[in-house]
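This is the structure I want to talk about, given as structure tokens.
Proteins come first, then strands; the chains are lettered A, B, ... in the order of their sequence lines, and each starts at number 1. Values below: every heavy atom of this structure, side chains too, minus hydrogens, waters and symmetry copies.
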Number of protein chains: 2
Amino acid sequence: MADAPDTESAPARRGRPGYDREQILAITVQVFNEQGYDATSVAALADRLGLTKAALYHHFDSKEQLLGVALERALGGLEGVLRHPDAAAGPAIDRLEAVVRGAVEVLVAELPSVTLLLRVRGNSAVERAALDRRRAFDQRVTALVRQAQREGSVRTDVSAAVVTRLIFGMVNSLVEWYRPGGAEGAAELAADVLAVALDGIRTAG
Amino acid sequence: MADAPDTESAPARRGRPGYDREQILAITVQVFNEQGYDATSVAALADRLGLTKAALYHHFDSKEQLLGVALERALGGLEGVLRHPDAAAGPAIDRLEAVVRGAVEVLVAELPSVTLLLRVRGNSAVERAALDRRRAFDQRVTALVRQAQREGSVRTDVSAAVVTRLIFGMVNSLVEWYRPGGAEGAAELAADVLAVALDGIRTAG
DNA sequence: GTCTATAAAGAGATAGAC
DNA sequence: GTCTATCTCTTTATAGAC
């Protein structure tokens, strides 16, 4: 992962030493997540890549552009969940389940960029645009919860907005501790979240 | 919960224009939360306070010290929850409920410093010490959940560690959207969290 | 307790050689 | 595609006047 660039066995195009944008982006996002975007200097990034700053600037225009590309990946994935067929028809509670499951899957598949997204504070235009898109996603889910309440499948003693935020509080918190390669995969993780979110942790007895 | 601010039990407040440590700390933590600790320069902080940097350095030794004092407040509060009588005896499920309720109350009472705590990444000794104390808190709660599972009051198809993390994922996410002065207070908020955590969002039907 | 002024280091970004 | 060297601005922090 953080290993040296390919030398001889180039996959497809380049047979040259050095990085391409994709490799640089992957390591960059990892470092952003370790230290925080603001606390990561371009010099530190270049060090981690085994490059100089100037070489890094050959691949990207700015530090902020690196952030923007990573955030686009995360947001694209999440927004795609809402476009999935399972989220488009049927009882609202089932669609909600599909959205939560899809969100967990995206989170696991794009863990680094989603982690970065969830830590964005709005310090620049790029960050504020990302926050806007997060809010829009949230509102779509809240509408789904409200519909499920109307259909009688979700409790109404807690508001739809709060329900949505609590559920995504659980989902989003996964980035704080979930690491791939362990016992649980995306499917098990989603099942756990849905079990707790839908039925709670208390036993019937 | 939080320790006494025994900076000076001394006489004579400064009846002078200007700030004392407490006022500076409050505004500082607020700005740290708005922009992020790393993205906040001491100059920006001083501007917000209507002071110069030099005046601010008269009150505090370093930017990091300001962070440390704020984190101590949040951690002291959370750790106090575990020392509360309601968390010390009785069925584990009841103690767990008391801990969650207490955590929400501390979060609401000390919203700025808890928010700051939850965003710490471990970039310095101060931050790493805070992360260690968070982990210790987490382990205490996980033990409580495990006990509740043994007592048959919490589902066992999800591990105690995951249950704990999901519940505190909900609790901690409150800092992302809860703002005092609205319709809900700490008690209602805690009730909502416990309702969802214990029984889930799905209606029986 | 606050100010102006400045030190010393680090930040993001660029120029031009190879 | 990467390098060395450098520009310019900002950063944390300090010195010393009032």
Under 4.0 Å between a side-chain N/O of H58(B) and OP1 or OP2 of dT14(D), yes or no?
no
Atom pair distance, as rounded to whole Å: OH in Y37(B) and P in dT11(D):
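Y37(B) atom OH is separated from dT11(D) atom P by 14 Å.
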Checking R202(A) now: which residues fulfil side chain to side chain donor-acceptor pair (under 3.5 Å) with it, not counting sequence neighbours?
D199(B)
Please state how far atom CZ in R21(A) lies from atom P in dT2(D), giving the value in whole angstrom units.
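After rounding, the reported distance stands at 14 Å.
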What residues form a side chain to side chain donor-acceptor pair (under 3.5 Å) with R140(A), not counting sequence neighbours?
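In terms of side chain to side chain donor-acceptor pair (under 3.5 Å), with neighbours along the sequence ignored, R140(A) is linked to no residue.
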Let me know, please, whether K53(B) or K53(A) comes out on the 5' side of the other along DNA chain C by nearest nucleotide.
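Looking at DNA chain C, the more 5' nearest nucleotide goes with K53(B).
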Without decimals, in angstroms, what is the distance between H59(B) NE2 and dC3(C) C1'?
12 Å
Row check, Y57(B) ring normal vs K63(B) NZ/CZ: under 6.0 Å, within 45°
no
Can you tell me the distance, in whole Å, between the CG atom of L56(B) and the C1' atom of dT14(D)?
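In whole Å, dT14(D) C1' lies 13 Å from L56(B) CG.
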Any S41(A) side-chain nitrogen or oxygen under 4.0 Å from OP1 or OP2 of dA11(C):
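Answer is yes, contact under 4.0 Å.
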Distance-only side-chain donor-acceptor flag, R146(A) / Q149(A), under 3.5 Å
no
Which residues satisfy the salt bridge (Lys or Arg N to Asp or Glu O under 4.0 Å) test with E188(A), sequence neighbours excluded?
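Listed in chain order: nothing, the list is empty.
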Results of side chain to side chain donor-acceptor pair (under 3.5 Å) for E110(A) - residues two or more places apart only
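Checked E110(A) against side chain to side chain donor-acceptor pair (under 3.5 Å); zero matches.
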Under 3.5 Å, which protein N or O atoms sit close to an N or O of nucleotides 15-18 of chain D? Give each pair with its distance.
none

Which residues satisfy the ring-ring contact (aromatic ring centres under 6.0 Å, His included) test with F137(B), sequence neighbours excluded?
F168(B)
List in chain and number order the residues that pass salt bridge (Lys or Arg N to Asp or Glu O under 4.0 Å) with R101(B), two or more places apart in sequence or in another chain; answer none if no residue qualifies.
E97(B)
All salt bridge (Lys or Arg N to Asp or Glu O under 4.0 Å) counterparts of R179(A), not counting sequence neighbours:
none
Could I get the full list of salt bridge (Lys or Arg N to Asp or Glu O under 4.0 Å) partners for E64(B), not counting sequence neighbours?
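Result, salt bridge (Lys or Arg N to Asp or Glu O under 4.0 Å) vs E64(B): none returned.
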In this structure, how many angstroms lie between the P atom of dG12(C) and the CG atom of D47(A), rounded?
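Taking CG of D47(A) and P of dG12(C), I get 12 Å after rounding.
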For L45(A) and dT2(D), give me the distance from atom CG to atom C1', rounded to whole Å.
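Rounded to the whole Å, the gap is 16 Å.
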Are any side-chain N or O atoms of D38(A) and backbone N or O atoms of D38(B), one a donor and one an acceptor, separated by less than 3.5 Å?
no
Length of the CG-C1' vector between L51(B) and dT12(D), whole Å:
17 Å
Mind grabbing the angle between the end helix axes of the helix from dG1(C)-dC18(D) to dC18(C)-dG1(D)? Five pairs an end, 10° rounding.
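Computed from the C1' atoms at both ends, the axes differ by 0°.
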Output all residues satisfying side chain to side chain donor-acceptor pair (under 3.5 Å) with D138(B), sequence neighbours left out; order by chain, then residue number.
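Partners of D138(B) under the side chain to side chain donor-acceptor pair (under 3.5 Å) test: none.
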Between T52(B) and dC3(C), is there a side-chain N or O to OP1/OP2 distance below 4.0 Å?
yes
The correct set of residues in residues 61-71 of chain A placing a heavy atom under 4.0 Å from DNA chain C is S62(A), K63(A)
Indicate whether OP1 or OP2 belonging to dA13(D) is found under 4.0 Å from a side-chain N or O atom of Y57(B).
yes
